[in-house]
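Encoded as structure tokens, the structure appears first; notes follow it.
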Amino acid sequence: MSDPNASLPPLLLPTPARLELVRGERVPAPALITVAGADKALLEQTIGRVVGFAVDQADPWLVCQVDAALGASEHHVLSILPRPPGQPKAVLNASDAAGLRHGLRTLSQLLRQYGASLPALRIEDRPAFAVRGVMLDISRDRVPTMADLERTIEALAALKVNHLQLYTEHTFAYRGHDEVWRDASPLTPDEVRRLDAFCAARGIELAANQNCFGHLHRWLKQPRYQALAEVTGDWDFNGHPRNGPFSLCPGDPGALALVEDLVGQLAPCFASTLINIGCDETFDVGQGRSRALVQERGRAAVYLEFVAKVCAVARQHGRRPMFWADIALEHPEALAALPADLIALAWGYEPDSPFARWCTQLRSVGREVWVCPGTSSWRSIIGRTSERRDNLLNAAREGLAQGATGWLVTDWGDLGHRQQWPVALNALAEAAHRAWSGTATYDPRATALHVFGDRALAIATWLDRLGDADRDLRLIGGKPGPLGEPRRLLNASALFVDLHKPLAEAWIGDYDQWRLLAARLARMEPPERLASGLDHQLWRECRHAWRLAEFAALRAACRRSQETTVAFHALAGSLRDLIAEHRELWLARSRPGGLDDSCAWYETILAELERPHQW
């Protein structure tokens with residue numbers, strides 16, 4: 001039986017800059033491809049994943065050549081043509097070793113799609129962004145196993161990603177700070193060095209990442225570090241009430257001493273000269289111990305002075321700092337005070353995030369800027385497909401137009417990191433396409449084939465449909481406008497938000513709307529044909545995301561009706577099953593530290609469902 005994919009045009013991810021097919025011509029690919037001009041390790045990582053190969057100088061089917069005349073780094077040209085006997089059928093010319101690697105990745109995708117009979121073609125390709133990065137959150141409870149991190153690095157390398165950060169707050173095993181990370185199953189220095197070498201061998205720069213200002217609750221809640229906190233009681237997080245420590249007090253000498261210790265231990269584990277020092281969302285600064293200082297000098301001056309001190313620490317260890325630019329961008333008049341070598345990471349996760357304005361503001365004061373969109377997987381259960389797609393496209397379009405030098409897509413894990421990996425992976429694949437291909441058309445069938453191994457080409461499209469199941473409720477779920485008009489929900493799906501509302505608390509949507517959503521989700525049950533085409537773990541994770549979404553919709557409908565206690569107890573039974581499955585799926589990819597904290601979000605919901613209800 002013939003493979004229908006062999007009759008389709010090339011499904012390549014990312015999409016190449018230029019592809020020319022020689023109409024009607026095919027080129028046979030032998031079961032054992034002979035290669036000249038590429039070393040065995042590189043071939044094992046690329047075409048060796050789909051076909052046998054031998055390094056042979058005598059009569060190669062594929063010839064690889066480095067040609068500096070091609071110019072820009074990573075530029076490469078791959079031609080596959082029906083040449084006369086004695087001549088190579090495939091020729092790959094590249095400007096450098098990175099270009100060779102990427103050209104071989106492209107060839108591996110062609111071999112995966114077409115097998116023994118390739119279309120005759122010529123591909124010329126180069127990246128839109130020189131730096132194409134991914135940041136994975138490993139501080140919100142979920143720390144992946146080494147095996148899972150290595151699988152992820154392999155997947156990212158295959159998508160021509162060349163930069164990776166693992167976001168840490170408390171999940172690196174700092175010497176002398178055991179009480180902070182003891183229960184978190186952290187990465188050790190030896191593990192980071194191993195990952196650094198693993199990335200380098202695959203053309204990826206692994207950069208250090210440690211938040212050095214805000215987001216340090218896990219540190220500052222410990223008695224030993226409480227005295228370094230800006231606040232310990234109630235405060236306002238950009239309009240939302242919060243309680244407990246969050247940021248370091250910028251005027252406390254002990255705060256900088258802690259940063260010096262952390263950077264001094266972390267930086268030597270990485271070959272990269274870059275370090276992300278974080279410094280985002282420090283809204284508590286000025287609400288606690290530094291209130292008088294902020295009133296005297298202004299919030300921007302106090303904030304930027306501490307950032308500059310952290311940058312100086314990074315430089316002492318031979319590192320160039322980068323930081324999340326959100327707080328600085330609130331004070332455009334002060335941007336010129338940023339250290340000259342500091343890379344600004346302009347992040348925004350909505351379709352209308354003003355990347356153009358942010359890039360312009362930062363570039364106008366001579367600062368290097370990277371655009372940082374998001375996967376929209378966190379706080380969602382199923383993702384937010386439309387918001388993600390428009391956010392990624394906007395970041396690519398405006399970043400390229402306004403001179404951004406890098407791209408860093410973020411995948412966060414807020415509130416227990418409960419999104420399943422296929423939801424995030426599907427988004428990361430599209431993000432990798434945007435980083436390399438800019439505004440070129442994206443085809444989810446290529447993600448299905450090359451990222452998920454689904455020859456039915458269906459899984460990415462199914463995940464995209466699932467991620468928009470509650471879009472009509474997201475469009476009206478945000479904070480109302482000044483005249484009470486509905487606004488779009490930000491940074492979350494409607495399913496996720498409603499799941500965490502108490503049973504009796506009013507929110508958007510009525511019984512009919514939520515019951516309709518539940519019925520819509522029921523019709524989206526992942527088809528059994530996907531089970532045979534997907535890795536079993538991926539299949540189970542897809543089903544879990546769908547089951548949890550359907551549960552959330554049914555609970556939302558029930559809490560808007562006059563359902564009996566019996567109905568809620570039935571939902572409780574379903575949630576107990578989902579919690580057990582969440583634990584099992586977690587441990588297949590991630591370390592045990594943080595799992596109980598993640599499950600606690602569900603257990604709060606479960607306890608309320610199990611109580612008697614009177615309406």
Is there a donor-acceptor pair closer than 3.5 Å between any side-chain N or O of [X] and the backbone N or O of [Y]?
{"X": "R175", "Y": "A173", "result": "no"}
{"X": "S598", "Y": "G594", "result": "no"}
{"X": "S493", "Y": "S380", "result": "yes"}
{"X": "R388", "Y": "R384", "result": "no"}
{"X": "N394", "Y": "S353", "result": "yes"}
{"X": "S139", "Y": "E169", "result": "yes"}
{"X": "R319", "Y": "S272", "result": "yes"}
{"X": "N211", "Y": "G278", "result": "no"}
{"X": "W586", "Y": "P592", "result": "no"}

Can you find a side-chain donor-acceptor pair between [X] and [Y] that sits under 3.5 Å?
{"X": "E584", "Y": "H582", "result": "no"}
{"X": "R105", "Y": "T46", "result": "no"}
{"X": "Q222", "Y": "Q226", "result": "no"}
{"X": "E430", "Y": "T447", "result": "no"}
{"X": "S376", "Y": "E387", "result": "no"}
{"X": "Q419", "Y": "R379", "result": "no"}

Are [X] and [Y] packed together at the side-chain level, in the sense that at least one heavy-atom pair is separated by less than 4.5 angstrom?
{"X": "F452", "Y": "P422", "result": "yes"}
{"X": "I277", "Y": "Q210", "result": "no"}
{"X": "F172", "Y": "P189", "result": "yes"}
{"X": "L248", "Y": "L258", "result": "yes"}
{"X": "W370", "Y": "V131", "result": "yes"}
{"X": "L345", "Y": "L408", "result": "yes"}
{"X": "V231", "Y": "R289", "result": "no"}

message: What verdict does the side-chain contact (heavy atoms from CB on, under 4.5 Å) test give for R488 and D352, after you've listed the backbone C-alpha separation in whole Å, the side-chain angles of each residue and the deciding distance to 0.1 Å?
response: CA-CA 11 Å; R488 182 166 47 84; D352 56 355; 3.5 Å; yes

Charged N-O contact under 4.0 Å between [X] and [Y]:
{"X": "E179", "Y": "R218", "value": "no"}
{"X": "R591", "Y": "E191", "value": "yes"}
{"X": "D284", "Y": "R242", "value": "no"}
{"X": "R140", "Y": "D597", "value": "no"}

field: E44 vs R49, salt bridge (charged side-chain N to carboxylate O under 4.0 Å, His left out): CA-CA, chis, key distance, verdict
entry: CA-CA 7 Å; E44 284 176 344; R49 295 187 171 272; over 6 Å; no

Search all heavy atoms of [X] against all heavy atoms of [Y] and return the closest pair with its distance.
{"X": "S185", "Y": "G593", "result": "OG-N, 2.8 Å"}
{"X": "G413", "Y": "D137", "result": "N-OD2, 2.9 Å"}
{"X": "S437", "Y": "P14", "result": "OG-CB, 3.3 Å"}
{"X": "N391", "Y": "G374", "result": "OD1-N, 3.0 Å"}
{"X": "V371", "Y": "G399", "result": "CG1-CA, 3.8 Å"}
{"X": "N426", "Y": "L463", "result": "ND2-CB, 3.6 Å"}

- prompt: For atom CG of D39, is the number of surrounding heavy atoms from other residues, nucleotides or ligands below 6.0 Å larger than 12?
  reply: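 Yes - once you tally the heavy atoms of other residues, nucleotides and ligands closer than 6.0 Å, there are more than 12.
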
field: Heavy atoms from other residues, nucleotides or ligands near CZ of R363 exceed 12 (cutoff 6.0 Å)
entry: no

query: Are H215 and H170 close enough, and set up right, to give a side-chain contact (heavy atoms from CB on, under 4.5 Å), and what steps lead you there?
result: CA-CA 10 Å; H215 287 281; H170 68 291; over 6 Å; no

Nearest 0.5 Å, what's the [atom1]-[atom2] distance between [X] and [Y]?
{"X": "L156", "Y": "N162", "atom1": "CG", "atom2": "CG", "result": "11.0 Å"}
{"X": "L335", "Y": "S364", "atom1": "CG", "atom2": "OG", "result": "7.0 Å"}
{"X": "L149", "Y": "L187", "atom1": "CG", "atom2": "CG", "result": "6.5 Å"}
{"X": "T171", "Y": "L166", "atom1": "OG1", "atom2": "CG", "result": "8.5 Å"}
{"X": "I343", "Y": "N276", "atom1": "CD1", "atom2": "CG", "result": "9.5 Å"}
{"X": "L220", "Y": "F246", "atom1": "CG", "atom2": "CZ", "result": "10.0 Å"}

field: Among Y349, W378, W347, Y167, the one residue meeting side-chain hydrogen bond (donor to acceptor under 3.5 Å, both in side chains) with T410
entry: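 With T410 as partner, side-chain hydrogen bond (donor to acceptor under 3.5 Å, both in side chains) holds for just one option, Y349.
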
- request: Could you check whether the rings of W407 and F129 sit parallel, tilted or perpendicular, using 30° and 60° as the cut-offs?
  value: tilted

- request: Determine the interplanar angle of the F496 and H500 rings, folded into 0 to 90°, and report it as parallel if under 30°, tilted if 30 to 60°, perpendicular if over 60°.
  value: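 Correct class here is tilted.
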
- request: Apply salt bridge (charged side-chain N to carboxylate O under 4.0 Å, His left out) to the pair R193 and D196, showing each step before the final yes or no.
  value: CA-CA 5 Å; R193 292 187 184 96; D196 191 63; over 6 Å; no

message: Before you tell me yes or no, could you show the steps for W601 and H417 under ring pair (Phe, Tyr, Trp, His ring centres under 6.0 Å), namely the whole-Å CA-CA distance, both residues' side-chain angles and the distance that decides it to 0.1 Å?
response: CA-CA 10 Å; W601 293 97; H417 211 138; over 10 Å; no

task: Using the ring pair (Phe, Tyr, Trp, His ring centres under 6.0 Å) rule, collect all pairs that involve residues 292-316, keeping only residues at least two apart or in two chains.
output: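 The answer is F213-Y303, F213-F306.
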
message: Applying side-chain hydrogen bond (donor to acceptor under 3.5 Å, both in side chains) to T168 and N209, what does each step give before you reach the verdict?
response: CA-CA 6 Å; T168 51; N209 184 311; 4.7 Å; no

field: Evaluation steps, side-chain hydrogen bond (donor to acceptor under 3.5 Å, both in side chains), between R101 and Q45
entry: CA-CA 9 Å; R101 181 186 305 277; Q45 294 172 16; 2.9 Å; yes

- request: Step by step, work out the side-chain hydrogen bond (donor to acceptor under 3.5 Å, both in side chains) result for T405 and E368.
  value: CA-CA 7 Å; T405 57; E368 183 175 352; 2.6 Å; yes

message: Does L338 form a side-chain contact (heavy atoms from CB on, under 4.5 Å) with V365? I'd like the steps, not just the answer.
response: CA-CA 9 Å; L338 290 170; V365 294; 5.7 Å; no

message: Working note: W235 + E230, criterion side-chain contact (heavy atoms from CB on, under 4.5 Å); need CA distance, chi angles, decisive distance, verdict.
response: CA-CA 10 Å; W235 57 284; E230 170 69 16; over 6 Å; no

